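Contents: one structure, followed by commentary.
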Amino acid sequence: MNENIEIKKIIGFNEVEEQFQKSISIRNNQTWMLVGKKGLGKRSLSMRFAGYIINKFDVNWERSELTNEVFNKETDNLHYITPLDEKNSGKISKEQIDNLSSKFKLFASNLNYRVVIIDKFNWLTNSAMNSMLKILEEPPVGVYFLLIADELSNILPTVQSRSQKI
């Protein structure tokens, strides 16, 4: 197993990972929201989920070379969005979401699924949140969304209702 992936294994989240793996194959839900206090390991957990999804839900996903690329953010199958300038505005802009939409039109270099991780999802501007809602209403085939939020207060109820929460 890759050391980088083993380090990212979060103590106490084995059950959460197992539940996610079972649920995603049964429900076929494309949008998942990881909600909890800062510092719990939501980002690391989302990367592990991404590795599992991008490897076509293979139980041996941790041994895959593609998983190494996921953890190093070196694959076309992973789109990672975070606020551009956390120190000033701390917001994710509409332009960042619109750029994401244009990437869906391009095919990944392989036939695996694609994953979008939006870190600090509750920091989207209102216009970015509305653009994201349009994407989630009709998500592109083969694209899964992992939305990371510290709290739900700034997230539209319609976005929440389209997400499976963890």
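What you see is a predicted model, and the numbers here were worked out from it, not measured in a lab. The first residue in the sequence is number 1, and the count goes up from there. Computed over heavy atoms, backbone and side chain alike; hydrogens, waters and symmetry mates excluded.
- Minimum heavy-atom separation, Y113 to N77: O-ND2, 3.1 Å.
- Using modelled atom types and a 3.5 Å distance limit, the side chains of N55 and T67 yield a donor-acceptor pair.
- Taking the side chain as every heavy atom from C-beta outward, M33 and F145 never approach each other to under 4.5 Å.
- Closest approach of S46 and L146 over heavy atoms only: O-CD1, 3.3 Å.
- The two atoms that bring Q30 and P140 nearest to each other are NE2-O, 2.9 Å, heavy atoms only.
- Heavy atoms of other residues, nucleotides or ligands lying less than 6.0 angstrom from CG of N154 number more than 12.
- The salt bridge (charged side-chain N to carboxylate O under 4.0 Å, His left out) test with D150 is passed by exactly one of K120, K37, K42: K42.
- With S161 contributing its side chain and T158 its backbone, the two residues share a donor-acceptor pair below 3.5 Å.
- Remark: E138 CD is loosely packed, at most 12 non-hydrogen atoms of other residues, nucleotides or ligands lying under 6.0 Å away.
- Closest heavy-atom contact between I92 and P83: CG1-N, 3.6 Å.
- When all heavy atoms are compared, the tightest approach of L100 to H79 is CD1-CB, 3.9 Å.
- Under the 4.5 Å side-chain criterion, counting only non-hydrogen atoms from C-beta, T82 is not in contact with I117.
- Shown here is E137, whose CD atom has more than 12 heavy atoms of other residues, nucleotides or ligands within 6.0 Å.
- Under the 4.5 Å side-chain criterion, counting only non-hydrogen atoms from C-beta, W32 is not in contact with V115.
- A distance of 8.5 Å separates CG in D98 from OG in S127, rounded to the nearest 0.5 Å.
- Between Y52 atom OH and Q21 atom CD the span is 4.5 Å, to the nearest 0.5 Å.
- No side-chain heavy atom of L45 sits less than 4.5 Å from a side-chain heavy atom of I148.
- Looking at N68 and E65, their side chains do bring a donor and an acceptor atom within 3.5 Å of each other.
- Two residues are said to be in side-chain contact when any heavy atoms from C-beta on lie closer than 4.5 Å; R48 and E62 meet this criterion.
- Rounding to the nearest 0.5 angstrom, the gap separating the CG atom in L152 from the CD atom in Q160 is 4.5 Å.
- From Q164, atom CD reaches atom CD1 of I24 across 10.0 Å, with rounding to the nearest 0.5 Å.
- To the nearest 0.5 Å, atoms CD (E151) and NZ (K38) are separated by 12.0 Å.
- With rounding to the nearest 0.5 Å, the separation of CD1 in I81 from CG in D119 is 10.5 Å.
- Heavy-atom minimum distance, N29 versus T31: OD1-N, 3.0 Å.
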- prompt: Could you go step by step and tell me if N99 and Q96 meet the side-chain hydrogen bond (donor to acceptor under 3.5 Å, both in side chains) rule?
  reply: CA-CA 5 Å; N99 288 339; Q96 286 177 274; over 6 Å; no
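- A heavy-atom distance below 4.5 Å is found between the side chains of L147 and S163.
- The backbone N or O of L78 lies less than 3.5 Å from no partner atom in the side chain of T75, so there is not a single donor-acceptor pair.
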